[in-house]
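Every heavy atom of this structure was used, including side-chain atoms; hydrogens, water molecules and symmetry mates were not. Note that the structure is predicted; figures quoted are calculated from it, not measured. Note that the numbering runs from 1 along the sequence shown for the chain.
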Amino acid sequence: MSIKYRLEGEVVGVFIGRDPISLITTRERSASVSFSGFDGNRQSGMTRLSDSRTTLYTQGAEIRNDRQVSIVSIEELSKIAEVMDVPEILPEWMGANLLFRNVPKLTELPPSTRLSFSQGAVLVVQKKNLPCIHPGRVIEAHYPRNGLYALFRKSGLHRRGVVACVEKPGVIAEADQVIVEVPEQVVYTLEREPSFRSVKQEKL
């Protein structure tokens, strides 16, 4: 895989969601990482149940877990807080597992971006995390203001972070370095090639 950018960031927060119901995660000094995700985290597992994000499947069907780890950045959370006009937004309220610093445009990292940590663990970005009302509800609970929860969906767009899967187990801790390898990207389009009709006509 050709690498377009190689960035160096820092882990400034590690979080685990031990409550099977609550969105909120709890800060930890470090996390043990297996092929299932963060040990003890409610989102861990090789598979998960389909939900409103996976409309191709019947809700509740067992599918591969592409959301083992949720990652956000200090810079993007600060921007969301600014747009929402609140003092701060904590990563715990987002259900995040990792908080990064100095990774520009974290939410825009493309799928297959590799995240290598200084103690050996490696994650691979799967997709951007789309904002929903649930973190908005948590934010509104801390800053009571009518309609604040709904504002999060717009304010968090392209700033909500990414979800990732584990490629190599290890340990991730606060103050660890993370190397971000962004692959070359090609925008898929049919317009660059002859249409199927013209190709068929050329063969006749």
Visitor: Report the distance from atom CD of Glu8 to atom CG of Asn102, rounding to the nearest 0.5 Å.
Guide: 10.0 Å

Visitor: Who passes side chain to side chain contact (heavy atoms under 4.5 Å, CB included) against Lys4, sequence neighbours left out?
Guide: Glu184

Visitor: Check Glu108 with Lys128, please: is the shortest side-chain N to carboxylate O separation under 4.0 Å?
Guide: yes

Visitor: Would you compute the distance between atom CZ of Arg160 and atom OG1 of Thr107 and round it to the nearest 0.5 angstrom?
Guide: 9.0 Å

Visitor: Evaluate the criterion side chain to side chain contact (heavy atoms under 4.5 Å, CB included) for residue pair Val162 and Lys127; output intermediate values, then yes/no.
Guide: CA-CA 6 Å; Val162 296; Lys127 63 186 75 172; over 6 Å; no

Visitor: Considering all heavy atoms of both residues, which atom of Ile16 and which atom of Ala31 are nearest to each other, and what is their separation?
Guide: CD1-CB, 4.2 Å

Visitor: Could you tell me which residues satisfy side chain to side chain contact (heavy atoms under 4.5 Å, CB included) with Ile3, sequence neighbours excluded, listed by chain and number?
Guide: Met1, Glu181

Visitor: If you round to the nearest 0.5 Å, how far is CZ of Arg114 from CD of Glu167?
Guide: 4.0 Å

Visitor: Is Ser44 reaching over with its side chain to a backbone N or O of Phe38, donor-acceptor style, under 3.5 angstrom?
Guide: yes

Visitor: Any side-chain heavy atom of Cys165 within less than 4.5 Å of one from Val124?
Guide: no

Visitor: Measuring from atom CD of Gln126 to atom CD of Gln68, what distance do you get when rounded to the nearest 0.5 angstrom?
Guide: 8.0 Å

Visitor: Sequence neighbours excluded, which residues qualify as side chain to side chain contact (heavy atoms under 4.5 Å, CB included) partners of Asp39?
Guide: Ser32, Ser34

Visitor: Using 0.5 Å steps for rounding, measure from the CG atom of Leu98 to the CZ atom of Phe117.
Guide: 5.0 Å

Visitor: Any side-chain heavy-atom pair from Val163 and Asp66 closer than 4.5 angstrom?
Guide: no

Visitor: Where is the tightest heavy-atom contact between Glu174 and Gly13, given as atom of each residue plus distance?
Guide: CG-CA, 4.2 Å

Visitor: So do the side chains of Asp19 and Arg42 get within less than 4.5 Å of each other, counting heavy atoms only?
Guide: no

Visitor: Write down the atom of Asn65, the atom of Gln43, and the distance for their closest heavy-atom approach.
Guide: ND2-O, 2.8 Å

Visitor: Which one of Asn129, Val11, Leu123 satisfies the side-chain contact (heavy atoms from CB on, under 4.5 Å) criterion with Ile71?
Guide: Leu123

Visitor: Can a donor-acceptor pair be found, under 3.5 Å and without considering hydrogens, that links the side chain of Arg159 to the backbone of Ser155?
Guide: yes

Visitor: Does Glu140 reach the side chain of Asn146, with side-chain heavy atoms less than 4.5 Å apart?
Guide: no

Visitor: For Glu88, check salt bridge (charged side-chain N to carboxylate O under 4.0 Å, His left out) against everything at least two apart and list the hits.
Guide: none

Visitor: List, by chain and then residue number, the residues other than Leu77 in its hydrophobic cluster (Ile/Leu/Val/Met/Phe/Trp/Tyr, side-chain heavy atoms under 4.5 Å); write none if there are no others.
Guide: Val12, Phe15, Leu23, Ile24, Val72, Ile74, Ile80, Met84, Val86, Ile89, Leu90, Trp93, Met94, Leu99, Val138, Ile139, Tyr143, Leu148, Leu151, Phe152

Visitor: Measuring from atom CG of Asn41 to atom CZ of Arg18, what distance do you get when rounded to the nearest 0.5 angstrom?
Guide: 8.5 Å

Visitor: Return the set of residues passing side chain to side chain contact (heavy atoms under 4.5 Å, CB included) with Pro110 (not counting sequence neighbours), or none when no residue passes.
Guide: Thr113, Val182, Pro183, Gln185

Visitor: Can you hop from Tyr5 to Val103 via hydrophobic side chains spaced under 4.5 Å?
Guide: yes

Visitor: Grab the two heavy atoms, one from Ala175 and one from Glu10, that are nearest each other, plus how far apart they are.
Guide: CA-OE2, 4.0 Å

Visitor: Between Lys79 and Glu76, is the closest basic N to carboxylate O distance under 4.0 Å?
Guide: no

Visitor: Using modelled atom types only, decide if a donor and an acceptor are shared between the side chain of Ser30 and the backbone of Ile172 within a distance under 3.5 Å.
Guide: no

Visitor: With hydrophobic residues grouped by side-chain heavy-atom distances under 4.5 Å, do Leu7 and Leu106 end up in a single group?
Guide: yes

Visitor: Can you confirm whether Thr47 sits close enough to Arg64 that some side-chain heavy atom of one is under 4.5 Å from a side-chain heavy atom of the other?
Guide: no

